[in-house]
Structure formats: structure tokens, C-alpha cells
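These notes concern the structure reproduced below.
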Amino acid sequence: MYKVTLKVRNQQFEYNCAPDQTPLRAARNEFIPFPTGCQRGGCGMCKMKVLEGKYEQELERSHEALSNEELANGFALACCMTVKSDLDIISAADYENQLIKDSLEKAK
Amino acid sequence: MTRVMRLGRVELNVLNLDKSVEYYTKVIGLEETGRMGNSVYLKAWDEFDHHSLILTKSNKAGLVHLAFKVETIDDLAYYERKIEEFGCTTTRISSNTRLGEGEAVHFILPTGHHCELYHEIGFLGTAVGTRNPHPWPLGMKGIAPHRLDHLLLTGDDLKTVTRFFVEVLNFGQSERVVTEGEEELVGSFLFTTNTSHDIAFVKGPDAKLHHAAFGVESLHDVFKAADLLSMYEVPFDVTPTRHGISRGQTIYFFDPSGNRNEAFAGGYMAFRDMPTITWDASKIGTGIFYHRRELSESFMKALT
């Protein structure tokens, strides 16, 4: 069992994820409001930035949902990935907001 | 009177052709009718034209094109002129560009979707034939819908795309969803057959697919579809319920590439002279999901 730390919708959650579960499924089982769409790697609603930890991304997915560049930069689709260690993830939307906030802070 | 007969075919991008063909034949229960290049052609048992669904291998999901069948070959030139007059550019797609298809007129809808009109397409006949037919064929697989029913697409300018369908293609508008003061059109349901909608649009990003719907006979068939989807572990978006808009009975789920499908039953008969039904945006939850009376995030945001 691995520990997942998830930042989403301006909130933080911690939950356990078995090696044969996706982090999306494990979160939903705990009633954590994980953004969920097609669960087939097609729509990109569950796109995450992995801040720390090992994982394996299913490579057959929509490149519109997760491009090769995003894949290389540590983004992943939580509906079709498996967890290989404790994981620290943030939703792509929250990550983007955080980057904007950080750059505004720096500009001060 | 020149008219567009029906939504004849839809081409979807799929991530894995083998998995998708297995899903659309075994779970949906369509029949494979041919292959060409990276595409597989399918039809439902009650359809008589060569295909209504084309699956094309791609590295993304979503809609490649949709096409409406017109009544005569001369209608192509008639609509071509009307489409040009509206301000859309048309091009001709030559015969046999795809399997079993004659010439088509191509244009891009004001919402960015690739659309075609055609008349000629190969004929295969329904699975029960036309002479003393049985009501349904033996050995049906999966959900086994009668036909491709409708498409729901998303786009930004719904007023213009509605005007296009009504003024150029002579569709009727059965229902619409408007914001307060009728300022903005956020949903538009359009028909050319006598079904409640052959194509519909909801406000959202241009050129995206919300769902492709297959027509089944009754609520019982919708419920049985739900059973089958659980047996095959297909992810649901929405379990069986009723629509306020169209009054149809419905279930939503996702194909192996994340394209949303619907099994749709019932709904009223639409007529050209029917008054358009209006839903207030504040009542959209009831309009879409009559029982739950609220929208869900996945239904609104998962698009391909």
C-alpha cells in the first residue's frame, strides 16, 4: 500500500493506494473529489503533475489529453497510471494556478 | 422539397483500433462491414446503408467528421450553393475516398466541426430484410441498437450554428436552453427526422464531441444496456435516467478511447411546425437529468 498526497480544488488529501489500483480509483473509493471523466485516457480531466514519487503511465492515451512534452515533464493521467512508490501529486489546474501565484509573488 | 434525411454517419478517432472494434461489435453490438487503411466501418442491425460509424486510428480521441444523407444526388449542388451563401467554404470529396461512399460536400460548421452531405453510399440491407421480416434478428450481440440516433457537440457560437441548421439545412429546433433575458443560447436541439433531435449543441469549446448516441427501443433496453456495461466493466458517466429535454430515457458511458456514448430510447415525435420548447439555464439540471435535477462535473467537462 502506498500513500498518496493529493492537492486538488485548493484542498489537500491523503489516502492509501494499492499497487493494482489507479490513484483516481483509490481516491474515489475514499469519497475524495478527484476530477473524473472518461477513465480511458481520452478526456484529460484527471491530469496531474507528479511532484514526487515513482509511477508508470499507460502510454496509449489521447495526446490531446496528455502530450509527449507533458509526459516528459512529469504530468500524468490518474485514470491510467499505476503507483510504484508513495506519491505527491497536484491537479494540472491547481498546479497552473500555483505557478501563476508564484510568479505574481516574485514580481512583487 | 429538398431535404436532409438523417444523420447518416459519424467518424470517430480511436486510440486502439482492435480494442475499439471489439467494444463496438461485442458491447455495443454493431456489425463490422469493412476495413480500409486505418479505418473500420460498422452499422447497426436495423440500418440498411453500408455504414453509420467509422472508427479511425489516431493518437487522440474525438470526432473526425459527421455527415448527413440528402434525398437525391441533385440536393448536393443545391445545399452546396446555400452553404456558400451562408458564408461557409465547401469542397467536394470524391467517390470512394472512404469505403462504400459516393461523392460528398464538405464544410466546417460555425462550431468548427467537419461536416459532410452525401447521397450515395453502398446498400447492405437490414439484418431482417424487407420480405416478411422478423421483428429482430437471432443472435444479436451486446446492446444491439437499432441505429445511430444523434450527436451532441460543443461549441461557442450556438446562435450561428442554429441559424445554419435552420436556414441552410432546413432543420427544426425542438428545444433550446437560454440564459436569463434570453441573452445567450447555451443549448440547441435540432431535427430533420421526426425524432426530438438529430444533432444538438451545448455551450463549450469548439470542435469537441460530447457524445454519440445509439437508438434503442425502450427503457427496458436502456436498463439491459446498463447491465451489459457492468458485465463488461465499461465506465459509466450516468446510470439510467430520464431527460427533461426530449423526454428520452438514457444512459451514458465511455468507449475505450474516452468518447462518450449514449443508449437513448423514446422521446417525443418532432414535427416541423412544433413550437420550440425553451428551458431556462437555471433549470438545466432538470432538463438534462430529470430525476437527479443537477448536472455532474464529468458530464459537463469530459469532452473528446
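Protein chains get the first letters and strands the later ones, always in sequence-line order, with residue 1 at the start of each. It should be emphasised that the depicted structure is a prediction, and the values quoted were computed from it without experimental measurement.
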Legend entry - Which atoms of B:N13 approach chain A - backbone, side chain, both or neither, heavy atom under 4.5 Å: neither
Inset, instruction - Counting only heavy atoms closer than 4.5 Å, note whether B:D237 contacts chain A via side chain, backbone, both or neither. - result: neither
Inset, instruction - Would you check if B:L12 and B:T56 make a side-chain contact, meaning some heavy-atom pair closer than 4.5 Å? - result: no
Legend entry - Cation-pi check, B:R260 onto B:F299 ring (under 6.0 Å, within 45° of axis): yes
Legend entry - Heavy-atom check, side chain of A:C43 versus side chain of B:F254, under 4.5 Å: no
Inset, instruction - Name the option with the most non-hydrogen atom pairs under 4.5 Å to chain A; the candidates are B:T304, B:N59, B:N259. - result: B:N59
Legend entry - Pairs of heavy atoms under 4.5 Å with chain B: top-ranked of A:G41, A:S62, A:P33, A:C38: A:C38
Legend entry - Other residues, nucleotides, ligands: >12 heavy atoms within 6.0 Å of A:Q12 CD: yes
Legend entry - chain A contact via B:L303 - side chain, backbone, both or neither, heavy atoms under 4.5 Å: backbone
Inset, instruction - Count the heavy-atom pairs under 4.5 Å between each of B:S296, B:A61, B:P235 and chain A, then report the option with the highest count. - result: B:P235
Legend entry - Candidate pair B:Y252 and B:H243, rule ring pair (Phe, Tyr, Trp, His ring centres under 6.0 Å), full reasoning: CA-CA 12 Å; B:Y252 290 102; B:H243 285 308; 5.8 Å; yes
Legend entry - Contact origin within B:V234 toward chain A - heavy atom pairs under 4.5 Å: backbone
Legend entry - Within 45° cone and under 6.0 Å: A:K49 NZ/CZ vs A:F75 ring: yes
